[in-house]
Amino acid sequence: MRCVVLDDYQDVALAYADWGSLRGVTVETIGRHLATDDDVVAALAGAEVVVAMRERTPFTAARLARLPDLRLLVTTGMRNASIDLQACAEHGITVCGTGSSFRPPAEHTWALILGLARHLVTEATELRAGGPWQSTVGTDLRGATLGLVGLGRIGTAVAEVGTAFGMDVVAWSPHLTVERASAGGTRLVGKQELFSEADFVSLHLVLSETTRAIVGAAELAAMKPAAYLVNTSRAGLVDTSALRRALDTRAIAGAGLDVFDEEPLPAGHPLRSHPRVLATPHTGYVTHGNYTTFFTEAVEDVEAWLAGAPVRVLAG
């Protein structure tokens, strides 16, 4: 039996679990991103088991129809919007997932906030290159306002740190209540108020048809010229064209981005080199702890499936 682990960018998947416990299964990893349907089909021909890393490689109905040998699709995490679950069911493909910690994305959010507030890339790059000794002035966090769009587990974890820094933490989402906001250590405000008052706006919503482009030209225009937008959730929450205009015209001070409309972000894309963007390649969840969970439980899923035992089935 052939098992293929996709998008192993760091070439570490085999080191994070005991894949040798899968008797009679040949395990291969692919480190490059497979961008087209033909690439995916060619790479997975004959594979009965595939392990997908988050949403890096979509499994659309069209792709699944061209993978007749696929029987088990394991995704890291228990939510994957890039898998067509209905098409999987129609083709008799079992889809299951693994555990995933919400802490790493929350920590990465703060890496971006602090990097923006203290101009870390600029100062570190100039120091390394022998450039000016100090060229920027940092932004104080104590007394500043942190606006959270979305207050689930990750948003709540981000709020805890904001409070520890002495920030005024406010929150809004379409269905957030005063009680839930208070329980999450924040106070509920209106959407317009959040964008107009926050010094840092951080996004923590699930992407859906109702939240797509929930941050558009109007929200960006409401922000202070000295404010920053941070997105470690999903790129689709933001109108990217409107964001680029806001950055180009200095309507906002900058953005910290870990997610993009197209991933990997093409070489030469403006967001790779924009002077007011601190960008990372969707590494918010990429930590030793998460990778250990991802790949260890992926092996457990395959073992259970081979034995006919219950697996962590992904819900629609």
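We use all heavy atoms of the structure for the numbers below, so side chains are in, but hydrogens, waters and symmetry mates are not.
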Is a side-chain donor or acceptor of [X] paired with a backbone partner of [Y] at a separation under 3.5 angstrom?
{"X": "Glu123", "Y": "Ser135", "value": "yes"}
{"X": "Thr76", "Y": "Met53", "value": "no"}
{"X": "Ser21", "Y": "Asp18", "value": "yes"}
{"X": "Asp8", "Y": "Gly31", "value": "no"}
{"X": "Asp258", "Y": "Thr283", "value": "yes"}
{"X": "Lys224", "Y": "Ala251", "value": "no"}
{"X": "Trp19", "Y": "Thr296", "value": "no"}
{"X": "Asn290", "Y": "Ser101", "value": "yes"}
{"X": "Glu263", "Y": "Arg56", "value": "no"}
{"X": "Arg180", "Y": "His175", "value": "yes"}

Rounded at 0.5 Å granularity, tell me how far [atom1] in [X] sits from [atom2] in [Y].
{"X": "Ser202", "Y": "Leu146", "atom1": "OG", "atom2": "CG", "answer": "6.5 Å"}
{"X": "Asp261", "Y": "Thr240", "atom1": "CG", "atom2": "OG1", "answer": "3.5 Å"}
{"X": "Leu243", "Y": "Leu271", "atom1": "CG", "atom2": "CG", "answer": "6.5 Å"}
{"X": "Glu297", "Y": "Glu303", "atom1": "CD", "atom2": "CD", "answer": "12.0 Å"}
{"X": "Leu44", "Y": "Ile30", "atom1": "CG", "atom2": "CD1", "answer": "6.0 Å"}
{"X": "His119", "Y": "Thr139", "atom1": "NE2", "atom2": "OG1", "answer": "5.0 Å"}

Phe260 ring centre to Arg234 NZ or CZ under 6.0 Å, with the angle to the axis within 45°? no
For residues [X] and [Y], determine if any side-chain heavy atom of one lies less than 4.5 Å from a side-chain heavy atom of the other.
{"X": "Cys3", "Y": "Glu28", "result": "no"}
{"X": "Leu314", "Y": "Arg79", "result": "no"}
{"X": "Asp38", "Y": "Arg66", "result": "yes"}
{"X": "Met223", "Y": "Val201", "result": "yes"}

Just checking, is any N or O donor in the side chain of Asp39 or His33 under 3.5 Å from an acceptor N or O on the other one?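 Side chains of Asp39 and His33: no pair found under 3.5 Å.
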Tell me yes or no: between the side chains of Asn80 and Ser82, is some donor less than 3.5 Å from an acceptor?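 Short answer, yes.
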Using the side chain to side chain contact (heavy atoms under 4.5 Å, CB included) definition, which of the options Thr75, Val51, Val50 pairs with Leu6?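 So, applying the side chain to side chain contact (heavy atoms under 4.5 Å, CB included) to Leu6 and each of Thr75, Val51, Val50, only Val50 qualifies.
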Paired with Val149, the side chain to side chain contact (heavy atoms under 4.5 Å, CB included) test is passed by just one of Thr211, Leu237, Asn231, Leu203, namely Leu203
When the ring planes of His282 and Tyr285 are compared, do they come out parallel, tilted or perpendicular, using 30° and 60° as the limits? perpendicular
Please work out whether the ring planes of Phe200 and Tyr228 are parallel, tilted or perpendicular, with thresholds of 30° and 60°. parallel
Please report the closest heavy-atom contact between [X] and [Y], naming both atoms and the distance.
{"X": "Trp172", "Y": "Leu188", "result": "CA-CD1, 4.3 Å"}
{"X": "Thr232", "Y": "Pro105", "result": "OG1-O, 4.1 Å"}
{"X": "Gly185", "Y": "Val169", "result": "O-CB, 4.3 Å"}
{"X": "Val27", "Y": "Leu22", "result": "CG2-CD1, 4.3 Å"}
{"X": "Ala255", "Y": "Leu247", "result": "N-CD2, 3.9 Å"}
{"X": "Ala181", "Y": "Leu151", "result": "CA-CD2, 3.7 Å"}

For Val49 and Trp305, run side-chain contact (heavy atoms from CB on, under 4.5 Å): C-alpha distance rounded to whole Å, both residues' side-chain angles, the deciding distance at 0.1 Å, then the answer. CA-CA 10 Å; Val49 178; Trp305 178 76; 3.8 Å; yes
Between Phe165 and Trp110, does the ring centroid distance fall short of 6.0 Å? yes
Can you hop from [X] to [Y] via hydrophobic side chains spaced under 4.5 Å?
{"X": "Leu229", "Y": "Ile214", "value": "yes"}
{"X": "Val158", "Y": "Phe102", "value": "yes"}
{"X": "Leu85", "Y": "Val206", "value": "no"}
{"X": "Met78", "Y": "Leu72", "value": "no"}
{"X": "Ile154", "Y": "Ile113", "value": "yes"}

In plain terms, say whether [X] and [Y] are close enough for a salt bridge, that is, a side-chain N and a carboxylate O under 4.0 Å apart.
{"X": "Glu160", "Y": "Arg103", "value": "yes"}
{"X": "Glu48", "Y": "Arg2", "value": "no"}
{"X": "Arg32", "Y": "Asp7", "value": "no"}
{"X": "Asp84", "Y": "Arg63", "value": "no"}

Just jot down the side-chain hydrogen bond (donor to acceptor under 3.5 Å, both in side chains) partners of Thr94, sequence neighbours excluded, or say none.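 None.
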Within 6.0 Å of [atom1] in [X], more than 12 heavy atoms from elsewhere:
{"X": "Gln86", "atom1": "CD", "answer": "no"}
{"X": "Arg312", "atom1": "CZ", "answer": "yes"}
{"X": "Arg276", "atom1": "CZ", "answer": "yes"}

